[in-house]
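Here the structure is laid out as structure tokens; the discussion comes afterwards.
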6 protein chains.
Amino acid sequence: MIMHVKEPDSLAYEDFIKLALKEDMPFGDITTDNLAIESKLVKARLTGHEDGILAGLSIFKRTFMLVDKDITDDNFQQYKKDGLEISAGDIIAELILPPGTLLKGERVALNLITHLSGIATLTDKFVNLVGKDGPAISDTRKTIPGLRVLQKYAVRVGGGTNHRMSLSDAVLIKNNHISLAGGIIEAVERIKARIGHTVKIEVEVSDIQGVHQALTAGVDIIMLDNFSPDKAAQASEIIGDKAVVELSGGINLDNIRDYISAGVYIISIGALTHSVKALDMSLHVVD
Amino acid sequence: MIMHVKEPDSLAYEDFIKLALKEDMPFGDITTDNLAIESKLVKARLTGHEDGILAGLSIFKRTFMLVDKDITDDNFQQYKKDGLEISAGDIIAELILPPGTLLKGERVALNLITHLSGIATLTDKFVNLVGKDGPAISDTRKTIPGLRVLQKYAVRVGGGTNHRMSLSDAVLIKNNHISLAGGIIEAVERIKARIGHTVKIEVEVSDIQGVHQALTAGVDIIMLDNFSPDKAAQASEIIGDKAVVELSGGINLDNIRDYISAGVYIISIGALTHSVKALDMSLHVVD
Amino acid sequence: MIMHVKEPDSLAYEDFIKLALKEDMPFGDITTDNLAIESKLVKARLTGHEDGILAGLSIFKRTFMLVDKDITDDNFQQYKKDGLEISAGDIIAELILPPGTLLKGERVALNLITHLSGIATLTDKFVNLVGKDGPAISDTRKTIPGLRVLQKYAVRVGGGTNHRMSLSDAVLIKNNHISLAGGIIEAVERIKARIGHTVKIEVEVSDIQGVHQALTAGVDIIMLDNFSPDKAAQASEIIGDKAVVELSGGINLDNIRDYISAGVYIISIGALTHSVKALDMSLHVVD
Amino acid sequence: MIMHVKEPDSLAYEDFIKLALKEDMPFGDITTDNLAIESKLVKARLTGHEDGILAGLSIFKRTFMLVDKDITDDNFQQYKKDGLEISAGDIIAELILPPGTLLKGERVALNLITHLSGIATLTDKFVNLVGKDGPAISDTRKTIPGLRVLQKYAVRVGGGTNHRMSLSDAVLIKNNHISLAGGIIEAVERIKARIGHTVKIEVEVSDIQGVHQALTAGVDIIMLDNFSPDKAAQASEIIGDKAVVELSGGINLDNIRDYISAGVYIISIGALTHSVKALDMSLHVVD
Amino acid sequence: MIMHVKEPDSLAYEDFIKLALKEDMPFGDITTDNLAIESKLVKARLTGHEDGILAGLSIFKRTFMLVDKDITDDNFQQYKKDGLEISAGDIIAELILPPGTLLKGERVALNLITHLSGIATLTDKFVNLVGKDGPAISDTRKTIPGLRVLQKYAVRVGGGTNHRMSLSDAVLIKNNHISLAGGIIEAVERIKARIGHTVKIEVEVSDIQGVHQALTAGVDIIMLDNFSPDKAAQASEIIGDKAVVELSGGINLDNIRDYISAGVYIISIGALTHSVKALDMSLHVVD
Amino acid sequence: MIMHVKEPDSLAYEDFIKLALKEDMPFGDITTDNLAIESKLVKARLTGHEDGILAGLSIFKRTFMLVDKDITDDNFQQYKKDGLEISAGDIIAELILPPGTLLKGERVALNLITHLSGIATLTDKFVNLVGKDGPAISDTRKTIPGLRVLQKYAVRVGGGTNHRMSLSDAVLIKNNHISLAGGIIEAVERIKARIGHTVKIEVEVSDIQGVHQALTAGVDIIMLDNFSPDKAAQASEIIGDKAVVELSGGINLDNIRDYISAGVYIISIGALTHSVKALDMSLHVVD
């Protein structure tokens, strides 16, 4: 069963798609424009070529609307929706579009939906491995520049949750901060003296001693950085419910199950967004 | 031996990095800003954690210059350069920066350099598999929106070459065009009647019959779409030097060597840019 | 004693100042440009005409740097700094600038610094009224469009703290949300099922019953909306340390002292940023 | 009786509202998006909580249209219009909107309309004090950066008139110009030799001697800077109809009536736009 | 007979028109806005005052749509279309618009259509002089900054073809490149070693020796720079079908016929876009 | 003798040049970048090929600074300056630049300086024909979109003056306004009731009756639209010093002398900016 995930507002990504379209045709599409095809509507089919989780269908559709202001939801017949599993061969949607609109928008639209579906698919794999009672799976700030809103949406579609969106919305005291501030306790104290009451404080620790210091300092979240399953379990027990326990660093599809019983609340994984394998799809004119 | 590849002009990507920095701190870095660290310079080390090809060092450096206008090339000690192999553990560069500049720029800078180095590394693998006398390895338009200039640079750094940059610079008559125009010959004729003399015409064919039609129509490049090695060899022989032969579709690290002797001039691979595995690196303060 | 407040990164406001400068001279400064004054440097003095707290001096200086790329910190002699009290008649800074740069930048620079100092001054008044052991004083999202980063900085300079920066960084379940979701408990439940672990949840309540519901639902912060001092005290006692208590609505310089002993942790005040009286200053050429 | 004032073209402020919306939700509205409310339309009421003059209703409406492209004028039932007096408790408009659109747009929309109505209200107070036969009330360039078009519109709605829009549209020779040019007469001469025939020339004078010099130089408008009522009357008499007389500096609601009989044509007041008290309003869902 | 030329996508020029409209009314149209005219629709007529070729009608119409979102194609009655000859006195189109929309959009709309029609008209003159069997007429990169897409479209409308769109889409090795690289052959070799397979290589030569070197180097196009008709004929004969022959430099309406029999394939002319005489038109309200 | 004309602030045109550079190399300069030239400095010479008036040298220089942040005024040796006559063969400036910077910036830089010098040259011709005691020569709003600031600067350099910059800075009641308002007198009355005191009012008249109405209405400037020399003289005499007399419509280099004795104050000429012949220059590497 799927929990519906709200799509991002088009305001948040529309300018980015325009930029992508202009990147793809700074001076128009010289193939299509010079082909002089009659502009009666054609039907095209968006087909999946791999099994995975669909993400980004509304962004896919919006791309064509930005190529051509006359396109509306009525130009699309949608057979799947974001968050659903698709299998190789599935028809995801049919498009009834003027040929110019189809040919000019298709590459950008496909680049987006295959990338986002790739993220949702990978996230879903992690989520399935830990199981419904296991820790939550979260992304990081290791995103592709310009795509953070969309990538983080795809993670949610895949059943994951979002870590902070940016440097502006939650405090995460990392290694470099700690060494510059002179220790965990000093770093937390300085932040607490200045930070607003709506902001959570997280600290990254690299060993059990760090866990104790973080508890002494008093923080909302403790991130165990590169802990072995045993060490993670030990840390979780020490922390108990005094802070949320997050595990990060070096977790992949092969080793994540070793951490299920470590008692952590959340596992954050950079690869969800920094090493994405696009989910193969194609868009073909049908008669 | 490496052929030096010219870095993109900063004009071509600077606004994009600014956008990425604003995406990462719409309201500042609340951890660093509230840590109230003294702003004397600190040294940090950019270290590789995987073997691969470095790409994007100047873009990495420019990121910090955009965070802080006082940063210049003098703030960096560079031990490697784009195009060189790096090994896990290699120190790529040292940075002497104010701590705020370091902490605010690091994530965006790392996101870029690890992504671009991932592309160069994958490209290099393909290039090595085909060998110096084999076909050239080319990218496609299957790029991450917003990153085309940078991704295509990374492909060049990895020893590949670039396919067309956008819909505006070369004609590529694909399946959808052909079916809309009513055949290869008709499509090529229409284009030739209108296109400027500086533009090459490429046509995608899906079988030997298409090859013959393309030759009849007269084009600069023939793209063999999803051909088996045998069919590709057959097509190459038919084409001879009447057109450049490009092979595309379904080529990966496992099967590319089967195509080496097929006589094609170039192999284009979408995965170079649409399914990138970041090359792991870190940036740590050193004392 | 002042706690130093970090200035916003210029990246966060520079484009906004450029926009303001272009707004003020879409086609240049026709008075100055046609005055044909020799461009030897002149000295000008930034003088305060009211008592208050200075905020925005670096933004003031950056304005002139954006008018003229040759201006650096060396063109300014600074006698005061952000966060300090200034009195009517105080010289805040001296500027040594080409006359064109001075005359073109002055209005935008003054509009910014007098506005921000007005905010810091008002915030400081509230902070002084509640005293160092009283509740913290916080801003809201009732800011002037485009100025949020700068206005919230000015609040910090005045000794206040920041509420959430935007709709993206903390959950605040308000009246309208509650009535749409069908009650406090239902609303909180829905949010908790979806929200990331780095985000705090705040709920606005309008009576004691709401306080009990919020506690049942389990939230990080309870905002008492338009509570009388007595009711606020009652609510604070009920809440204890189970949530942070925030008071909001109708608080002004005349009534804030009535709330000091109500036991609330923070008082948020929209007027800090929506009803700002600029702090009077002038900039005059001196010989 | 009200003279209808033309609203600014949306072209002039739409990008600014988009910027404000993105400032308020760089990564979406995490409260609303995670509340998973059904999206059937809801009715909300815009209610005034103070007496004043309404300004900005079309800008308020446009804000919701920018959040959601499907919103049109039909989603609003308007009970008041710009320029009309509203009283505490008045229903200004009713909105029938999807809940997401309502909740995401409301803060920016309210921030704008309460700010602009605050300006219109204050302007109206000045206009009423001087009476219909008194001098006109004008704004200045002391506006909030980014808001000039909207603030100056609100001044007109309040019955005021606009001074120059920017440094590009009228010449105003001020103190600093005069001292740099070496005197009023020299400054005016230089300008006249270069300026286009569609531009008026105004000069700021600080004493009666300046008035005489300005008349000798020949200008369109003489601004009396910080003149007492008596001095202003004396200056007006000297000037007669040889120039338009503008009074500026230190005029407020308490002292403006002292200047009514001073014979000036116009009084310009920076506080109209630099020290605005928002006019309180709220937007609540009704059943 | 006219070959239909595809209009540029509005995506490619819409932001530019917005910029032009804001340039023309940074603070609104103070004449129209203060005229307080009733906003019932009025009819206006776009009339040609010179003989020429029409270009830019869809761009003209789009301008009004950007002033006023309610304007659609239905507000225009079109009597001519791009590429057709118009004569002085011809009614090109009728517009049924609100008066404010008409008056605010007309200058920008006219500036664009008269400029583009001027280009099409001049191109058409060259095309007619060389005749249907003569060389093609091409533009250059000597365009007005910001207008390249539109100017190059107008050249196509006038029957010309486009040279490369930018520095990014074709190689043109010019004088300065050759002297920096140390000769034609060396320059071509360096480029060939690096350039992608979809890019044509052109080299500019200034004498017959250069022609030989270019042939030796092997290029797609040879540009004869400032050749006399005789020399051009000699060069064409030498080149034969080994490369496309382009003639450039100093060609004008007076001397172009001397080159018809020189055997060149294409003549490129900077003046088509750098020295444009607008084609006179007017837009008047009719009753 | 030349009156020095102040150059526009770079703030006013820098973004436009960046746009032009990106237009000219959306994906870099593939010729130069692949030429792999050593980057030692080279000298290039900007040479004039026609007699005319130079305009835009600082804009020319700024273009290279935007290509390459390390370029300063020191990279240029300037032999001429804006406003001076140049003759065919004159060396205008020498540039010492890295070859990449030179080759990437040259086209945009030349496109700008030749266009602006073309405007200055044409303006100068008109100014010389009317002589120093004749009417002033003014531009109009018939400018190339995006270039208004620069084109109007070039007119001033050529000895002309500027008409209004945009619809926002002066009232010009034209034919269409008059017919919509129901007559000159009614139109002027409506405007006067609303317009600010810093704005001049101009009205366009098409006959002597219009002149009388304009005088009755009371305006600052009367524009005689398409008047014969005799009619213009008659109108000037009627108007006397009651308004500034501007002549417009159909004035060219052949007929302007017929109007010298017509007593008009200013002649405005659209062709100065809408039909510009670029002034030929070249930029060549010298050894």
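Computation of the quantities below employed the complete heavy-atom set of this structure, encompassing side-chain atoms and omitting hydrogens, waters and symmetry-equivalent molecules. First the proteins, then the strands, lettered A, B, ... as listed; each starts at 1. Everything numeric in this text was worked out from a predicted model, so none of it was measured.
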Please report the interatomic distance [atom1]([X]) to [atom2]([Y]), rounded to the nearest 0.5 Å.
X        : Y        : atom1 : atom2 : answer
D/Asp9   : E/Lys104 : CG    : NZ    : 3.0 Å
E/Asp33  : D/Arg156 : CG    : CZ    : 7.0 Å
E/Lys69  : D/Thr72  : NZ    : OG1   : 14.0 Å
D/Arg148 : E/Phe27  : CZ    : CZ    : 6.0 Å

- request: Can you tell which part of E/Ile30 gets under 4.5 Å to a heavy atom of chain D, answering side chain, backbone, both or neither?
  value: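 E/Ile30 has no heavy atom closer than 4.5 Å to chain D.
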- request: Could you tell me which portion of D/Ser168 (side chain, backbone, both or neither) has an atom closer than 4.5 angstrom to a non-hydrogen atom of chain E?
  value: neither
task: Check each atom of D/Asp15 against the heavy atoms of chain E and say whether the ones under 4.5 Å are side chain, backbone, both or neither.
output: side chain
query: More than 12 non-hydrogen atoms from neighbouring residues, nucleotides or ligands closer than 6.0 Å to NZ on E/Lys80, yes or no?
result: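 Result for NZ/E/Lys80: enclosed.
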field: More than 12 heavy atoms of other groups within 6.0 Å of D/Asp241 CG
entry: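 Counting neighbours around CG of D/Asp241, 12 or fewer heavy atoms of other residues, nucleotides or ligands fall under 6.0 Å, so no.
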- prompt: Does D/Glu14 pair with E/Lys18 as a salt bridge, N-O distance under 4.0 Å?
  reply: no
field: Top contributor to chain E contacts, counting heavy-atom pairs under 4.5 Å, from D/Val149, D/Leu11, D/Asp169, D/Asn162
entry: D/Leu11
